[in-house]
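Taking it in order: structure first as structure tokens, then the write-up.
Scope of the values below: all heavy atoms of this structure, side chains included, with no hydrogens, waters or symmetry mates.
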Amino acid sequence: MGTAGSASLPSVIIYTDGACKGNPGPGGWGVLLQSGSSTKELFGGEAQTTNNRMEITAVIEALLALKRPCRVVIHMDSEYVRKGITEWLVGWKARGWRTASKTPVKNVDLWQRLDELIARSEHHIDWRWVRGHSGDPGNERADALANQGVDQVMRSSR
């Protein structure tokens with residue numbers, strides 16, 4: 001679908017974040033989705049993970065929550081995820097999921113899943129970086145949700 005058809009798509013604003021207590025350690029991800037006057041919040045976590053894995057997982061979960069093609073603006077405070085998607089992914093794929101220095105791409109399972117989700121969807125996605133912990137309400141809420149994910153994992157592992 002070309003950009004001419006994107007005007008008729010529903011518009012969704014998404015904020016994602018990941019958190020980790022220790023790196024690696026218990027981690028969580030959080031997602032805030034806003035469309036018109038409706039808001040949806042998602043969070044989850046893993047007992048043993050890294051901050052970067054949680055940052056990517058948050059974006060995957062956000063996209064999985066969309067039930068039809070949308071015009072999406074995804075805000076994140078992770079340059080790793082934003083650059084991974086907008087700059088590095090093409091090269092990684094061309095090199096058989098290896099970095100420019102020929103080492104295997106870290107978190108390749110998640111990057112491949114995210115790449116597949118984007119390729120299969122008909123979303124028009126605008127990837128935006130926001131400075132973390134700087135008072136942006138959407139980013140602050142996604143951060144709080146990610147920390148809820150960490151807390152949930154830590155409570156269930158006691």
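Residues forming a side-chain contact (heavy atoms from CB on, under 4.5 Å) with S101 (at least two apart in sequence, or on another chain): T99, T103. Q112 pairs by the side-chain contact (heavy atoms from CB on, under 4.5 Å) definition with W97, V108, not counting sequence neighbours. Taking the side-chain contact (heavy atoms from CB on, under 4.5 Å) definition, one finds that D151 meets it with R155, sequence neighbours left out.
Taking CD of E140 as the reference point, atom OG of S134 lies at 6.5 Å (rounded to 0.5 Å). With values rounded to the nearest 0.5 angstrom, L64 atom CG is found 5.0 Å from R113 atom CZ. Note that CG of N51 is 5.0 Å distant from CD of E55, once rounded to the nearest 0.5 Å. To the nearest 0.5 Å, atoms CG (L9) and CZ (R71) are separated by 7.0 Å. With rounding to the nearest 0.5 angstrom, the NZ atom of K106 is 8.5 Å from the CG atom of N52. The CD1 atom of I85 sits 4.0 Å away from the CG atom of L114 when rounded to the nearest 0.5 Å.
Closest approach of P24 to T50, counting heavy atoms only: CB-CG2, 4.2 Å. Residue P10 comes nearest to P69 through the heavy atom pair CD-O, 3.4 Å, listed as atom of the first residue, atom of the second, then distance. Annotation for G27 and C20: closest pair CA-SG, 3.9 Å, computed over non-hydrogen atoms. Nearest heavy-atom pair, E41 versus R141, reported as atom, atom and distance to 0.1 Å: OE2-NE, 2.7 Å. Considering all non-hydrogen atoms of both residues, V153 and P26 come closest at CG1-CB, 4.3 Å. Taking every heavy atom of both residues into account, R68 and C70 meet most closely at O-SG, 3.1 Å.
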For K21 and N147: C-alpha separation, side-chain torsions, deciding distance, then whether side chain to side chain contact (heavy atoms under 4.5 Å, CB included) applies. CA-CA 9 Å; K21 305 292 183 211; N147 280 295; 3.1 Å; yes
Using side chain to side chain contact (heavy atoms under 4.5 Å, CB included), reason through V81 and T16 one step at a time and then give a plain yes or no. CA-CA 10 Å; V81 176; T16 65; over 6 Å; no
Go through the steps for D109 and R53 under the test side chain to side chain contact (heavy atoms under 4.5 Å, CB included), then give the verdict. CA-CA 10 Å; D109 57 327; R53 288 187 69 79; 2.8 Å; yes
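Residues W129 and I60 do not share a hydrophobic cluster, defined by chaining ILVMFWY side chains whose heavy atoms lie under 4.5 Å apart. Connection of V105 to I118 is established within a shared hydrophobic cluster, with ILVMFWY side chains joined at heavy-atom distances below 4.5 Å, either directly or through further cluster members. Grouping the Ile, Leu, Val, Met, Phe, Trp and Tyr side chains by contacts below 4.5 angstrom, directly or via other members, places L42 with M76. In this structure, I74 is a member of the same hydrophobic cluster as L66, with clusters built from ILVMFWY side-chain heavy atoms closer than 4.5 Å. When the side chains of ILVMFWY residues are joined at heavy-atom separations under 4.5 Å, either directly or via intervening members, I56 and L145 end up in two distinct hydrophobic clusters.
Considering only heavy atoms from C-beta on, D143 stays 4.5 Å or farther from D77 through its side chain. Side-chain contact between V59 and L117 is absent, with no heavy atoms from C-beta onward closer than 4.5 Å.
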Only distances under 3.5 Å count here; give the side-chain donor-acceptor pairs of residues 28-35 to other protein atoms, sequence neighbours excluded, each with its distance to 0.1 Å.
unit_1 : atom_1 : unit_2 : atom_2 : d
S35    : OG     : S11    : O      : 3.0

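Cluster partners of V150 are M154, counting Ile, Leu, Val, Met, Phe, Trp and Tyr whose side-chain heavy atoms approach within less than 4.5 Å, directly or via other members.
The ring-ring contact (aromatic ring centres under 6.0 Å, His included) analysis of residues 41-88, with sequence neighbours excluded, yields the pairs Y15-H75, Y80-W111, W88-W92.
For the pair D136 (side chain) and N139 (backbone), a donor-acceptor distance under 3.5 Å is present. Distance alone, capped at 3.5 Å, places no donor-acceptor pair between the T49 side chain and the E46 backbone.
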